[in-house]
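In this text, all values refer to a predicted model and were calculated from it rather than measured experimentally.
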Amino acid sequence: MSDIIVKQGALDKEGGSGIKRWQSRTFILTRTSFSWFKPEDLRAAQGTLELGEITDVKRQVGESNGRRNILTVSCARKLYRLAAESREEQAEWIAALHPST
């Protein structure tokens with residue numbers, strides 16, 4: 001990765017197809033993109049969003065399938081649900097990801 005890392009850390013990501021299972025992923029936010037990786041392999045991104053694709057970032061109230069501290073990342077065609085370890089970590093990710101307007 002040649003871009004400067006703004007924030008990096010573990011979040012649980014809700015799976016997108018079939019049964020909605022939560023999987024632990026390492027997320028890396030740079031000045032231009034937001035990528036996620038399997039924790040054991042930071043060389044190959046499992047997915048990447050360009051920051052310009054993100055239309056909204058919000059805190060989800062309550063819990064889902066036993067997960068708390070959920071944040072939603074919205075794009076034109078998809079909604080990503082991520083769970084942080086703590087409320088503070090959730091707030092940090094939301095602040096770091098919030099699209100500039």
Side-chain angles (χ1 to χ4, degrees):
M1 233 179 242
S2 60
D3 208 354
I4 295 171
I5 294 175
V6 174
K7 185 165 179 60
Q8 178 174 340
L11 294 168
D12 289 340
K13 180 181 173 292
E14 186 179 53
S17 60
I19 298 172
K20 303 280 187 182
R21 289 188 289 193
W22 292 89
Q23 298 176 329
S24 181
R25 295 287 180 250
T26 297
F27 284 81
I28 296 177
L29 174 65
T30 70
R31 293 177 293 167
T32 60
S33 64
F34 184 51
S35 302
W36 52 97
F37 303 80
K38 288 184 178 179
E40 65 276 4
D41 185 7
L42 297 182
R43 292 173 289 141
Q46 296 293 298
T48 298
L49 293 174
E50 297 301 319
L51 292 188
E53 295 179 72
I54 297 173
T55 58
D56 199 14
V57 181
K58 292 183 181 176
R59 178 174 87 82
Q60 179 178 308
V61 178
E63 67 177 62
S64 176
N65 295 327
R67 295 297 197 281
R68 296 177 182 231
N69 308 312
I70 296 172
L71 55 139
T72 59
V73 178
S74 301
C75 298
R77 294 178 297 224
K78 190 162 182 174
L79 176 78
Y80 296 89
R81 290 171 15 117
L82 311 172
E85 278 292 316
S86 68
R87 184 91 180 255
E88 294 77 22
E89 185 180 350
Q90 176 196 45
E92 289 173 10
W93 277 107
I94 290 170
L97 282 166
H98 209 279
S100 52
T101 53

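Residues passing the side chain to side chain donor-acceptor pair (under 3.5 Å) test with Ser74: none are found, sequence neighbours excluded. For Gln23, the side chain to side chain donor-acceptor pair (under 3.5 Å) test picks out Arg25, with sequence neighbours left out. The side-chain contact (heavy atoms from CB on, under 4.5 Å) test applied to Asn69 returns Ala84, Arg87, Gln90, not counting sequence neighbours. Residues that satisfy the side-chain contact (heavy atoms from CB on, under 4.5 Å) test with Glu92, not counting sequence neighbours, are Lys7. Annotation: salt bridge (charged side-chain N to carboxylate O under 4.0 Å, His left out) contacts of Arg81 (sequence neighbours excluded): Glu14. With sequence neighbours excluded, the residues that form a salt bridge (charged side-chain N to carboxylate O under 4.0 Å, His left out) with Arg43 are Asp41.
Between Pro39 and Thr26, the shortest heavy-atom distance links the atoms CA-OG1, 3.7 Å. Minimum heavy-atom separation, Val6 to Thr30: CG2-C, 3.7 Å.
Sequence neighbours left out, the pairs with a member in residues 66-86 that pass ring-ring contact (aromatic ring centres under 6.0 Å, His included) are Trp36-Tyr80. Note on residues 64-75: pairs passing salt bridge (Lys or Arg N to Asp or Glu O under 4.0 Å), not counting sequence neighbours, are Asp12-Arg67, Glu63-Arg68. Here ring-ring contact (aromatic ring centres under 6.0 Å, His included) pairs that include residues 49-76, with residues two or more places apart or in two chains, number zero. Screening residues 44-73 for ring-ring contact (aromatic ring centres under 6.0 Å, His included) gives no qualifying pairs among residues at least two apart or on separate chains.
Between the CD1 atom in Ile94 and the CG atom in Leu71 there is a gap of 5.0 Å [rounded to 0.5 Å]. To the nearest 0.5 Å, atoms CG (Leu51) and OG (Ser33) are separated by 6.5 Å. With rounding to the nearest 0.5 angstrom, the CZ atom of Phe34 is 4.5 Å from the CG atom of Leu97. Expressed to the nearest 0.5 Å, how far OG of Ser35 lies from CD of Gln46 amounts to 11.0 Å. Atoms CD and CG, from Gln8 and Leu42 in turn, are 6.5 Å apart once rounded to the nearest 0.5 Å. In this structure, the separation between OG1 on Thr55 and NZ on Lys78 is 14.0 Å, given to the nearest 0.5 Å.
In the hydrophobic clustering, Trp22 connects to Ile70, either directly or through intervening members, whenever side-chain heavy atoms lie under 4.5 Å apart.
Residues Leu82 and Lys13 are in side-chain contact: their nearest non-hydrogen atoms beyond the backbone lie under 4.5 Å apart.
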**Request:** Tell me, with the steps shown, if Trp93 and Leu29 meet side-chain contact (heavy atoms from CB on, under 4.5 Å).
**Result:** CA-CA 9 Å; Trp93 277 107; Leu29 174 65; 4.1 Å; yes
